[in-house]
Amino acid sequence: MFSKEEDKMVSLGLNSINERFDEGVSKALDFLTEIGTYYLNERKEPEAEKTVVSIKEIGKAATLQGMANAAVSAIRALEKLLQGSIEQNMQDIAIRVLLSFGAIGKTAAEQQMEMVAKLAASVLGKSGNTAALLNKERETMAVIIGLGEIGKAVTRMKFPDLSENTAICISCLGDVGKLTAQKNLEKAAVGVELMLQEMAAAAMQENLQNTVRSITSSIEEVGRNAEEENMENAVIQAISALQIIVSNAENRYLNDASIAAKVALESFNELDIINDEANIKKIEAIRETMRALWVDSI
């Protein structure tokens with residue numbers, strides 16, 4: 001349970017945002033970062049989690065008010081708590097922090113605060129590579145979800161086709177996806193492909209052909225790495241995503257995107273893949289787990 005002082009500082013942060021008072025927000029975030037670090041060091045998980053949630057809410061509120069500096073400060077505060085959770089091996093807190101980056105970044109993208117969205121995506125990309133290299137699949141999944149949600153939000157804002165932020169999300173997801181395949185983290189590899197597929201769907205709705213082509217390339221690369229490691233579900237999901245892109249791109253007369261997806265499909269040996277009900281159920285279970293994690297974080 002939070003003390004009165006902690007509740008007071010959370011209120012100060014949110015009220016300062018309403019008043020557009022940067023110093024008040026900074027004071028609140030500094031306090032919450034310090035007390036959150038203390039809770040982590042003392043392994044007080046419920047208290048640490050509540051601190052993370054409070055910082056996330058301040059960060060989201062700042063983006064809604066267009067206060068970029070305050071939103072950046074919230075992301076930096078969460079970075080410190082992420083480091084503390086890693087040092088204390090508190091996995092659930094680390095996941096909560098990673099999903100918080102995604103929540104702030106998504107809100108920033110929706111408010112067309114490109115710099116804040118870019119920072120959130122970059123932090124997630126770096127964290128995802130580290131988590132995958134350390135075989136931490138749950139943390140990697142949290143990163144994948146956050147990157148995908150930011151990517152979809154950026155795409156829906158109708159920025160120029162393949163904007164810098166969109167490219168960063170695609171690139172980070174692709175890099176994490178390749179690492180998860182190489183590390184034989186099949187659920188995470190499938191997760192990357194699912195998020196890229198959802199980004200492609202959003203891009204096709206906006207007729208962003210170059211974005212779809214870039215996503216297609218990333219899906220192919222992750223799938224090819226998965227094929228080398230005999231990760232059947234990840235290969236099936238890659239092929240399925242590409243087939244859906246071909247069909248939907250054709251329906252929207254996005255010919256270049258459709259051709260790119262067809263070429264990508266030809267790189268797989270479909271004869272070796274058995275797309276049976278068991279595989280489909282496993283992929284759908286991963287999708288539902290990701291949805292549940294995201295809903296619980298926002």
Side-chain angles (χ1 to χ4, degrees), residues 6-34 36 50-82 96-127 142-143 145-173 195 198-199 202-203 205-206 208 211 294-298:
E6 289 163 307
D7 286 329
K8 179 181 175 182
M9 296 307 290
V10 173
S11 296
L12 171 65
L14 294 173
N15 290 336
S16 295
I17 288 168
N18 291 332
E19 297 165 6
R20 304 189 68 83
F21 180 47
D22 280 309
E23 290 183 15
V25 181
S26 294
K27 182 178 179 181
L29 288 172
D30 287 345
F31 176 88
L32 289 169
T33 305
E34 184 177 347
K50 191 168 182 180
T51 304
V52 170
V53 172
S54 296
I55 294 173
K56 177 197 70 177
E57 291 304 319
I58 290 172
K60 287 175 63 178
T63 61
L64 290 171
Q65 285 282 21
M67 296 176 68
N69 289 339
V72 168
S73 294
I75 291 172
R76 295 305 185 195
L78 287 169
E79 280 189 281
K80 292 176 183 177
L81 296 188
L82 177 63
R96 177 70 66 177
V97 174
L98 292 167
L99 291 167
S100 296
F101 291 135
I104 295 173
K106 178 179 184 289
T107 304
E110 292 168 345
Q111 298 301 309
Q112 298 192 26
M113 296 176 68
E114 296 184 53
M115 183 267 288
V116 177
K118 178 180 177 181
L119 175 62
S122 298
V123 170
L124 280 168
K126 181 180 177 181
S127 300
V143 166
I145 295 166
L147 281 170
E149 292 297 332
I150 295 171
K152 287 187 289 181
V154 172
T155 300
R156 293 186 183 116
M157 288 301 101
K158 300 183 181 179
F159 288 136
D161 196 350
L162 198 56
S163 69
E164 182 182 5
N165 272 346
T166 308
I168 287 172
C169 290
I170 295 169
S171 174
C172 287
L173 279 168
M195 295 311 296
E198 291 183 16
M199 279 188 67
Q205 285 294 320
E206 305 300 337
L208 302 179
T211 298
W294 178 246
V295 169
D296 185 53
S297 74
I298 57 177

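Only a predicted model underlies this, so the values are computations on that prediction, with no experimental measurement involved.
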With a 4.5 Å heavy-atom cut-off, do R76 and T33 have their side chains touching? no
Tell me, do E23 and K27 make a side-chain contact under 4.5 Å, heavy atoms counted? no
Looking only at heavy atoms, the pair that brings A62 and I17 closest together is N-CD1, 3.7 Å
Which heavy atom of V154 sits nearest to which heavy atom of A109, and what is that distance? CG2-CB, 3.6 Å
Evaluation steps, side chain to side chain contact (heavy atoms under 4.5 Å, CB included), between I170 and T211: CA-CA 9 Å; I170 295 169; T211 298; 4.1 Å; yes
Write down the atom of A142, the atom of L98, and the distance for their closest heavy-atom approach.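 Answer, listing the atom of A142 first, then L98: CB-CB, 3.9 Å.
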Identify, with sequence neighbours excluded, every residue that meets side-chain contact (heavy atoms from CB on, under 4.5 Å) alongside A74.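 With neighbours one apart ignored, the set is L29, I55, I104.
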Would you mind reporting whether S73 and V25 have side-chain heavy atoms less than 4.5 Å apart?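 Not touching, per the 4.5 Å side-chain cut-off.
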Of all heavy-atom pairs between G105 and A117, which one has the smallest distance, and what is that distance? O-CB, 3.8 Å
First locate atom NZ of K118, then atom CD1 of I168, and finally report the distance between them rounded to the nearest 0.5 Å.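 CD1 of I168 is found 5.0 Å from NZ of K118.
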Electrostatic pair D30:K80 at N-O distance under 4.0 angstrom: no
Identify the heavy atoms of R96 and V52 that sit nearest to each other, and give their distance.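 Scanning both residues completely, I find the closest heavy atoms to be CG-CG1, 3.6 Å.
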Which value, rounded to the nearest 0.5 Å, describes the distance between C169 atom SG and E149 atom CD? 10.5 Å
Please round to the nearest 0.5 Å and tell me the distance separating atom OG1 of T155 and atom CD1 of I150. 11.5 Å
Given F31 and L12, is the side chain to side chain contact (heavy atoms under 4.5 Å, CB included) satisfied, shown in steps? CA-CA 11 Å; F31 176 88; L12 171 65; over 6 Å; no
Spacing of CE belonging to M67 relative to CE belonging to M113, to within rounding of 0.5 Å: 9.5 Å
Main-chain N/O of S297 paired with K56 side-chain donor or acceptor, under 3.5 Å: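 At least one qualifying donor-acceptor pair exists.
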Stepwise side chain to side chain contact (heavy atoms under 4.5 Å, CB included) check, M115 with V72: CA-CA 9 Å; M115 183 267 288; V72 168; 3.8 Å; yes
So do the side chains of L32 and I58 get within less than 4.5 Å of each other, counting heavy atoms only?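 Result yes, sub-4.5 Å side-chain heavy-atom pair found.
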Partners meeting side-chain hydrogen bond (donor to acceptor under 3.5 Å, both in side chains) with K106 (sequence neighbours left out):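 With neighbours one apart ignored, the set is E110.
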With side chain to side chain contact (heavy atoms under 4.5 Å, CB included) as the test, would you mind laying out the steps for L173 and M199 before giving the verdict? CA-CA 11 Å; L173 279 168; M199 279 188 67; 3.9 Å; yes
Nearest heavy atoms of F101 and I75, plus distance in Å: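 Taking F101 first and I75 second, the nearest heavy atoms are CE2-O, 3.5 Å.
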For N18, the side-chain contact (heavy atoms from CB on, under 4.5 Å) test, sequence neighbours excluded, returns N15, Q65
Once rounded to the nearest 0.5 Å, what's the spacing between atom NZ of K60 and atom OG1 of T107? 5.0 Å
Nearest-0.5 Å distance that lies between atom OG in S100 and atom CG in L124: 10.0 Å
